[in-house]
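Down below is the structure, laid out as C-alpha cells.
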Amino acid sequence: MSDGAPRVLAQPATDAAARELIAGLALRPWGQVAASVYESARLVAGAPWLPGHQQRVGFLLRGQRPDGGWGPPEGYALVPTLSATDALLAVLADGGWSGADLLAPVARGLDVLSGRLLATHARELPDTPALDLIVPALVESINDRLARLDPAVADRLPRAPLALPAGLGPDRLRAVRAAVAAGAVLPEKLAHFYEVLDATPADAGPTLAAVGASPAATAAWLTAAGPDAGPAAHAFLRELIREGDGPVPCPTPITVFERAWVLSGLGRAGVVVDPPAAVLRTLAAATGAGGVATGEGLPTDADTTSVTLDALARLGHPADPAGLWAYETADGFCTWPGSEDGFSVTTNAHVLDAFGQHVGARPGADARYHRTVERLSVVLPAHQLAEGPWQDRWHASPYYATACCVLALAEFGRGGAAAEAVDRAARWVLQSQHVDGSWGRWGGTAEETAYALQVLLAAPTGAPRVDDAVARGHAYLHQPSGRQHPPLWYGKELYCPTAIVRSAVLAACRLSSVHLADVDRSVVDCGYQATKTTT
C-alpha cells in the first residue's frame, strides 16, 4: 500500500454478520419491522384491553417531536400525528392516565395538525397507501372525541374542529363504508386498512392469524368480534406486543418480502448464503402461476414475486417468470392487477431482474422473454429524472429507487439508453454526497449510503473521484452514526423493515471493501452484529 497503513478487509466479518442475519429469518418468521406510531396508536385508541396498553401510551408520549408532530419530516408526519393525537384523546377521555400528562401533548398535536399538516394541499402530500381513507377517518374521529370531551377538559384544548386538506374529501371513505354495510366483498388489498373501514374480513375465523398483515386491522376485528372469535389472531397480537414490549410494528407479517429482499440483495453483492430449508420453502410459492404475497393477509404482487424469483435464481433454484405477464400493462408492469394505478419504477426494475435472470441462463428462451427485457431496458430510463435519480411510490428516498434501477439496468439492461441511464445516475450520486461521506434525503443514513455505494460500484467507471467517494461512504458505515435506520419505506406511514435495511448495509460493506482493496486503499471492517441495530 502506498501510505503504509494496515489493511483490514471487511469480507469475513460482513459474511459472518450476513449468516447471523439469515439465521434470524427463520427464528422470526413474521419479519423484523420497527415499532409503528400509527399502528400502536390504533391499538391505544381502539383496543385498550390488549396487554401493553400503558407501554404504548408511553411510547407515543416519548415519540412526540418538539413541534408537536410525530414521525418523519414534511407531509409524512400527517398520518402518524393524526393517529397519535386521536389515541391520546381517547386515553384522556377514558381517564386512565393523568390528564396533566396528556393535555399538553394533545394540544401540541392539534396545533401542528391545524396549523401546518392539514393545511397542506392534498396534491402535495406523499402518496402513502390509503391516505384518502385514513386521513378522513382520523380527522372525523378526532373531531368526534373533541365534541364529547368533558367541557372542563375541552376548554383547555383548541376548540375549532379539524378540517381536511384542500383537495381531499370524505367521499371515498363513505363509499367504502357504505359498501361494507351493504355486504359487498371488498378487494383483498383493503384488508390492510380494516381499522378505518368499519369492516369485518370475509375470511376471518379461528385460524386467521393476521388481518391484512396489520396489527391494527387485526385488533379492530378482535375488538368487534371478541378475543375468543380469533384465538390465532389473539395469539399473534400478544406475541407482537411481547416482542416489542408494548408497541407494535406494521406491516406484519412480511415473511416473503423480508426473505426475498435479504437473500436477493446479499446474493447480488457476492455474499455466500446458505438459508435454512424453511426459508427456501416460503420462497418456492413464487414459482406458481399466481405469484407470491409479501406476507399472510395480503394479495400477491409483482414486486415481491419478482424479487423472490431473483433470490431463487441467485441461490441456484431458478424458476420461470412467465407468471409475471399477468401484471403486464401498457406502461410496463403493475404491482397489483386491477388495483394499483400508479407506475412503480422499482417494481419494473425487479421484473427486469427476474426476466434477466431467466434469459441469461437460457439464451434460447422464447422471444417474448427477450422482448420483455428489451422493453424494460427502455421503460426504466424513460422514467429517470433529469438530474439522474429515480423516485418511486414505495420508498421516500430516491437512493433506493435509483439503486433498484441501476442494478437491474447494469446487470441485465440492453442498449445505449440503459448504459446512459446508469452513467447519469452515478454522476448524480457523486454530486449529492454529504460532507461526512454519507448520502440521504433529509440527512445521512446508513440505508441510503448503502444504496448510493451500490450505484457507484455498479457503474462502469474507475475514476479517482469514485474511489474517494466509495472510501468516504464505506468509512461512514463504520461509524456509530452510520448505524441509524430511520423509517423510509412506504406503508400507512413510513416504516423500517430492519432486517432488509441491515442486509443492504452489509451488501454495500462487502462491495465497497472489495473495491477499495482492488484500488489499494485502506479498508475498515464494517461488519456488525445483525441483531444490534438502532431504529
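Positions are given from 1, in the same order as the sequence printed here.
The shortest heavy-atom contact between Val196 and Leu173 is O-CD1, 3.5 Å. The minimum heavy-atom distance linking Ala293 with Val256 is given by the pair O-CB, 3.3 Å. Scanning both residues, Leu456 and Ala426, for their nearest heavy atoms gives CD2-O, 3.6 Å. Ala217 and Ala191 make their closest contact through CB-O, 3.6 Å (heavy atoms, listed as atom of the first residue, atom of the second, distance). When every heavy atom of Ala319 is checked against every heavy atom of His358, the shortest pair comes out as O-ND1, 4.2 Å. Contact detail for Ala458 and Leu407: the closest heavy-atom pair is CB-CD2, 3.9 Å.
Here the side chains of Trp394 and Thr335 are in contact, with some heavy-atom distance below 4.5 Å. Looking only at side-chain heavy atoms (C-beta outward), Thr305 and Leu324 come within less than 4.5 Å of each other. Side-chain atoms of Tyr327 and Thr347, non-hydrogen and from C-beta on, never get closer than 4.5 Å to each other. Inter-residue side-chain proximity for Ser83 and Arg42 is flagged as met; some heavy-atom pair is nearer than 4.5 Å. Side-chain contact between Arg259 and Leu283: present, with at least one pair of heavy atoms (C-beta onward) separated by less than 4.5 Å. Considering only heavy atoms from C-beta on, Phe412 stays 4.5 Å or farther from Val359 through its side chain. Residues Pro275 and Leu263 meet the side-chain proximity criterion, which asks for heavy atoms closer than 4.5 Å. Looking at Trp428 and Val455, their side chains never come closer than 4.5 Å, going by heavy atoms from C-beta outward.
Side chains of His370 and Arg414: a donor on one and an acceptor on the other come within 3.5 Å. Donor-acceptor pairing under 3.5 Å is recorded for the side chains of Trp325 and Thr372. Side-chain contact annotation: Arg502 with Gln32, donor-acceptor N/O pair under 3.5 Å present. For the residue pair Glu493/Ser36, the side-chain donor-acceptor check at 3.5 Å is satisfied. Side-chain atoms of Tyr399 and Thr445 include no donor-acceptor pair closer than 3.5 Å.
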**OP:** Evaluate the side chain to side chain donor-acceptor pair (under 3.5 Å) criterion for residues Asp392 and Ser344: first the C-alpha distance (whole Å), next the side-chain angles of each, then the deciding distance (0.1 Å), finally the verdict.
**Re:** CA-CA 6 Å; Asp392 194 51; Ser344 165; 3.1 Å; yes
Original post:
Can you list the steps and then say if Arg510 with Val514 is a side chain to side chain contact (heavy atoms under 4.5 Å, CB included)?
Top reply: CA-CA 6 Å; Arg510 190 182 196 284; Val514 170; 4.0 Å; yes
Subject >> Residues Val501, Cys496; criterion side chain to side chain contact (heavy atoms under 4.5 Å, CB included); working and verdict >> reply: CA-CA 8 Å; Val501 171; Cys496 178; 4.0 Å; yes
Original post:
Between Glu258 and Arg28, is a salt bridge (charged side-chain N to carboxylate O under 4.0 Å, His left out) present by the stated rule, with each step listed?
Top reply: CA-CA 11 Å; Glu258 178 182 88; Arg28 300 181 65 181; over 6 Å; no
**OP:** Dump the intermediate steps for side chain to side chain donor-acceptor pair (under 3.5 Å) on Thr329 and Asp331, then the final yes or no.
**Re:** CA-CA 5 Å; Thr329 70; Asp331 299 322; 4.8 Å; no
**OP:** Evaluate the criterion side chain to side chain contact (heavy atoms under 4.5 Å, CB included) for residue pair Leu488 and Glu448; output intermediate values, then yes/no.
**Re:** CA-CA 9 Å; Leu488 293 168; Glu448 292 166 284; 3.7 Å; yes
**OP:** Quick one: do Gln433 and Tyr476 satisfy side chain to side chain contact (heavy atoms under 4.5 Å, CB included)? Show the steps, please.
**Re:** CA-CA 11 Å; Gln433 189 173 23; Tyr476 173 82; over 6 Å; no
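With values rounded to the nearest 0.5 angstrom, His350 atom NE2 is found 10.0 Å from Leu352 atom CG. Remark: Cys405 SG to Leu376 CG distance equals 10.5 Å, nearest 0.5 Å. Here CD1 of Ile134 is found 10.0 Å from CG of Leu78. Values are rounded to the nearest 0.5 Å. Distance check, rounded to the nearest 0.5 Å: CG of Leu125 to CD of Glu74 gives 11.0 Å. Atom CG of Asp310 sits about 10.0 Å away from atom CH2 of Trp261, to the nearest 0.5 Å. In this structure, the separation between CD on Glu195 and CZ on Phe193 is 8.0 Å, given to the nearest 0.5 Å.
Look at Arg19 and Asp15 and you find no salt bridge, because none of the NZ, NE, NH1 or NH2 atoms lies under 4.0 Å from a carboxylate O. Checked for salt-bridge contact, Glu411 and Arg314 meet the test: a charged N lies under 4.0 Å from a carboxylate O. Under the 4.0 Å criterion applied to side-chain N and carboxylate O atoms, Lys492 and Glu39 are assigned as salt-bridge partners.
Aromatic ring pairs are classed by plane angle as parallel below 30°, tilted from 30° to 60° and perpendicular above 60°; the pair Tyr76 and Tyr490 is perpendicular. Between Tyr400 and His395, the two ring planes are parallel [angle under 30°; tilted spans 30° to 60°].
For Asp127, the salt bridge (charged side-chain N to carboxylate O under 4.0 Å, His left out) test picks out Arg393, with sequence neighbours left out.
Side chain of Trp439 to backbone of Tyr451: no donor-acceptor contact under 3.5 angstrom is found. Side chain of Thr304 to main chain of Val292: no donor-acceptor pair is present (N/O by atom type, distance under 3.5 Å, no hydrogens or angles). Side chain of Thr300 to main chain of Gly290: a donor-acceptor pair is present (N/O by atom type, distance under 3.5 Å, no hydrogens or angles). Here the side chain of Asp301 pairs no donor or acceptor atom with the backbone of Trp336 at under 3.5 angstrom. A donor-acceptor pair under 3.5 Å is absent between the side-chain atoms of Ser40 and the main chain of Val37, judged by distance alone. The closest donor-acceptor contact from the side chain of Thr294 to the backbone of Ile254 lies at 3.5 Å or more, if one exists at all. Between the Ser503 side chain and the Ile500 main chain, a donor and an acceptor come within less than 3.5 Å of each other. For the pair Ser438 (side chain) and His434 (backbone), a donor-acceptor distance under 3.5 Å is absent.
In this structure, the ring of Phe236 has its center less than 6.0 angstrom from the ring center of Trp30.
Checking Leu27, Ile22, Leu25 one by one against Pro276, the side chain to side chain contact (heavy atoms under 4.5 Å, CB included) holds for a single residue, Ile22.
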